[in-house]
Amino acid sequence: MPGLTAPSDYAEEPPRHPALKINSKEPFNAEPHRSALVTSYITPVDFFYKRNHGPIPKVEDLSRYSVCISGLVNKPIQLSMADIWALPKYNVTATLQCAGNRRTAMSKVRKVRGVGWDISALGNATWGGAKLSDVLELVGIPKLSSVTSLGGKHVEFVSVDKCKEEKGGPYTASIPLKQATDPDADVLLAYEMNGEVLNRDHGYPLRVVVPGVIGARSVKWLDSIKITEEECQGFFTQKDYKMFPPTVDWDNINWSTRRPQMDFPVQSAICTLEDVDVIKEGKARIAGYALSGGGRGIERVDISVDGGKTWVEAHRYQKDGVPYVSDGPQSDKWAWVLFEATLDIPANAEIVAKAVDAAANVQPENVEDMEPERNPQHILASDQDTEFVMRWKI
Ligand code: MTE
């Protein structure tokens, strides 16, 4: 029996924490409650969102598991877990976020399809594993390469899960070779999450983690890696997670005109408020998360209690005892920033939080103003691309 196999039904799913909110049972898609999300900088594994497209693969015998690296390389190889463990180990704290995060709010304003998500389809973990740039050196690709001697420009990750979008085939995704071979991009083949062995839901025994990029590129249950000339031609790269202009004709869509989305946009969300009716006049603690893609830090989080007429700056933090400085050397560049402010809530308050990143990108004010039209099947690219602010009225 091979090391890694994919069941064709849901009879052998792993156990999950009962506190998760289930958005779809089969495949299993779930997120924590928003108030639980920001109680800690590092998200406990049990409360980390789970985003799947098929039954969870399993490993019968880890000693038989291996990752094959082939394609446009001179020395294809087969790596066992022992080979991966033997490489230098790095711990990278990075926020993984599904491109569909906050789709439910968007669907109240625009017609969207796909699994609904509240604001918790993200989590911040410390991933332990080998750097992809070190792994690729084993097949003769030097660090900081844009193209291999055989013309390879992309690194494609292939899993084993059976996804209906791929007509029962596996989940795939790719990233540019330049990013994969850049040690500072911190792309990992991770076998640990928060200091524990990766669990089945999150990709055991080995997954890719591409920091600063939509979660769709962080392939779980890694089976093989191919060095290719073109980017991945699979569904999740070519027919999903793309941004189109408002003029798009959804009945005659030409997917090839748009590039797959990579970095996620700047955004923030308030996690301490559940509903319009929970907030009352008086003092209230407003807290949540803010993050931006591509390793850009969070320069500011502004909060307004009067619908955006006046703003106060929230306190931002990551690690205990370490002041957060956007893009500072002690900050975790790939990780979210938590924010908080205790404010006097007036009568007729409208509470809004808005993040600004280190490149001066600002969160759009509302979903109606957002430029791109949705992909009606998987709105993901565009809802991620412009994360509008959240508003509460009392
Ligand atoms: N990898 C495989 N093999 N199958 C999947 O369904 N989902 C992707 C990505 N990697 C997926 C995958 C998506 S869309 C996201 S957002 C993240 O995994 C979710 O990772 P998590 O479940 O560990 O939070």
Side-chain angles (χ1 to χ4, degrees), residues 4-7 10 13-14 16-17 20 22-24 26-32 37 43-59 67 94-103 114-115 117 120-127 129 156-166 168-175 187-194 196-225 232 234-237 239-242 260-262 264 293 375 377-381 383-384:
L4 183 60
T5 52
Y10 293 90
E13 293 286 283
R16 279 113 182 189
H17 199 284
L20 287 173
I22 298 175
N23 297 325
S24 128
E26 297 177 350
F28 189 77
N29 288 299
E31 63 188 304
L37 190 65
T43 313
V45 175
D46 278 352
F47 292 104
F48 206 94
Y49 80 101
K50 302 179 192 336
R51 174 60 172 131
N52 301 302
H53 290 84
I56 307 300
K58 54 183 185 149
V59 174
V67 180
T95 300
L96 200 68
Q97 173 172 229
C98 182
N101 191 24
R102 303 182 58 195
R103 184 182 291 141
V115 179
W117 293 95
S120 306
L122 82 173
N124 190 43
T126 299
W127 307 95
E156 179 170 328
F157 311 113
V158 184
S159 183
V160 293
D161 46 349
K162 297 186 167 78
C163 308
K164 71 172 180 325
E165 292 85 347
E166 291 284 13
Y171 192 96
T172 55
S174 67
I175 61 170
V187 181
L188 293 185
L189 299 191
Y191 43 81
E192 274 182 19
M193 184 175 179
N194 296 347
E196 292 164 21
V197 174
L198 206 59
N199 73 16
R200 271 183 68 204
D201 259 329
H202 294 291
Y204 177 78
L206 196 64
R207 80 171 300 166
V208 183
V209 174
V210 188
V213 162
I214 61 166
R217 313 294 172 225
S218 290
V219 174
K220 305 194 271 190
W221 315 292
L222 187 61
D223 184 56
S224 60
I225 297 178
C232 174
F235 177 91
F236 299 102
T237 310
K239 302 247 165 111
D240 211 347
Y241 310 108
K242 286 191 173 181
Q261 192 185 357
M262 296 299 281
F264 46 75
N375 162 354
Q377 282 180 320
H378 281 269
I379 173 136
L380 312 171
D383 64 1
Q384 205 15 218

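Indexing begins at 1, ligand by ligand and atom by atom, following the structure's order. Bear in mind that the values here come from a model prediction, so they are computed numbers and not experimental data.
Put simply, CZ on Phe264 and CG on Leu122 are 8.0 Å apart, with the number rounded to the nearest 0.5 Å.
Using a 30° and 60° split on the angle between ring planes, Tyr171 and His53 fall in the tilted class, from 30° to 60°.
Using a 4.5 Å cut-off on side-chain heavy atoms (C-beta onward), Leu189 and Ile225 make contact. Within the 4.5 Å cutoff, the side chain of Arg217 has heavy atoms near those of the Pro260 side chain.
In this structure, ligand 1 sits under 4.0 Å from heavy atoms belonging to Phe48, Tyr49, Lys50, Arg51, Asn52, His53, Leu96, Cys98, Ser159, Asp161, Tyr171, His202, Arg207, Gly215, Ala216, Ser218, Val219, Lys220, Trp221, Tyr241.
Scanning all heavy atoms of the two residues, the minimum distance from Ala121 to Asn101 falls at N-OD1, 3.0 Å. Residues Ser159 and Pro170 share a closest heavy-atom pair of O-CB, 3.1 Å.
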